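Heavy atoms only: backbone and side chains are in, while hydrogens, waters and symmetry mates are out. Note that this is a predicted model, so its numbers are computed, not measured. In what follows, residues are counted from 1 in the order of the sequence shown.
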Amino acid sequence: MNRKLYSFFAALAIVLSLASFGLADDKKVSLTGNIVDKACATSKVAKKDDPQAAAALETKDCVVRCSKGGLGIYADGKYTEFDEAGVAKAKAALEKSTKDKGAKFKVTGTVMDGKLMVESISEIE
């Protein structure tokens, strides 16, 4: 009887451990796309037939001006919001860019609690 109980709890511990890995959302990612403000990304851009192309048409001045509500990257057909430090890095990258619209950026970081904890942002050609 004790052996069966021990086996049951051992199996339960393994299942719970594996389940917790599946629920964890912190994973390292590298995304390439357009930096957009949260308001436009979740309303205006998302409603277009081609949201990725619409994100590329957002002007840098508009995105920076609307950054108080949050910034993120529109990549692979979806919007990923940045953490607070990422917003500051994104604003700096946008201001440094010579392109008024259509600038593409490579953003790396870790997704935690649905937000991208930005490690680096670099403009790509």
Practice task
Measure across Tyr79 and Ala41 and return the closest heavy-atom pair with its distance rounded to 0.1 Å.
Solution key: CD1-CB, 3.2 Å

Handout entry: salt bridge (charged side-chain N to carboxylate O under 4.0 Å, His left out) contacts in which one or both residues fall within residues 58-72, not counting sequence neighbours
Key = Lys44-Glu58

Exercise for the section: Assess whether atom NZ of Lys99 is packed by more than 12 heavy atoms of other residues, nucleotides or ligands within 6.0 Å. Expected result: yes

Practice task
With the side chain counted from C-beta on, respond yes when Ser122 and Phe105 share a heavy-atom pair under 4.5 Å apart, and no when they do not.
Solution key: no

Problem - Gap separating the NZ atom of Lys115 from the OG1 atom of Thr110, nearest 0.5 angstrom - result: 15.0 Å

Completion exercise
Sorted by chain and number, sequence neighbours left out, side chain to side chain donor-acceptor pair (under 3.5 Å) with Thr59 holds for none

Problem - Validation row: Ser67, Asp37 side chains within 4.5 angstrom (heavy atoms) - result: no

Handout entry: Check: Lys104 and Asn34 side chains under 4.5 Å, non-hydrogen atoms
Key = yes

Handout entry: Nearest-0.5 Å distance that lies between atom SG in Cys62 and atom CG in Leu94
Key = 11.0 Å

Problem - Minimum side-chain heavy-atom gap Asp83-Leu116 below 4.5 Å - result: no

Exercise for the section: Check whether any side-chain heavy atom of Phe82 lies under 4.5 Å from a side-chain heavy atom of Val107, and answer yes or no. Expected result: yes

Problem - Donor-acceptor contact present, side-chain Tyr74 to main-chain Gly33, <3.5 Å - result: no

Handout entry: Ile73: which of Ile121, Thr32, Leu31 passes side-chain contact (heavy atoms from CB on, under 4.5 Å)
Key = Leu31

Handout entry: Transitive ILVMFWY side-chain link Leu57 to Val36, under 4.5 Å
Key = no

Problem - salt bridge (charged side-chain N to carboxylate O under 4.0 Å, His left out) partners for Lys28, two or more places apart - result: Glu119

Exercise for the section: Flag the pair Glu123 and Lys96 as a salt bridge only when some basic side-chain nitrogen lies within less than 4.0 angstrom of an acidic carboxylate oxygen. Expected result: no

Exercise for the section: Taking atom types as modelled, find out whether Ser120 and Thr108 have a side-chain donor-acceptor pair closer than 3.5 angstrom. Expected result: yes

Handout entry: ILVMFWY network linking Ile35 to Val111, side-chain heavy atoms under 4.5 angstrom
Key = yes

Handout entry: Over 12 non-hydrogen atoms of neighbours within 6.0 angstrom of CG in Asp76
Key = no

Exercise for the section: Please name the pair of heavy atoms, one in Ser30 and one in Lys106, separated by the smallest distance, quoted to 0.1 Å. Expected result: OG-CE, 3.0 Å

Practice task
Indicate the atoms forming the closest heavy-atom contact of Lys48 with Ala54, along with that distance.
Solution key: CG-CB, 3.5 Å

Completion exercise
Heavy-atom closest pair (Pro51 atom, Ala46 atom, distance to 0.1 Å) is CG-O, 4.2 Å

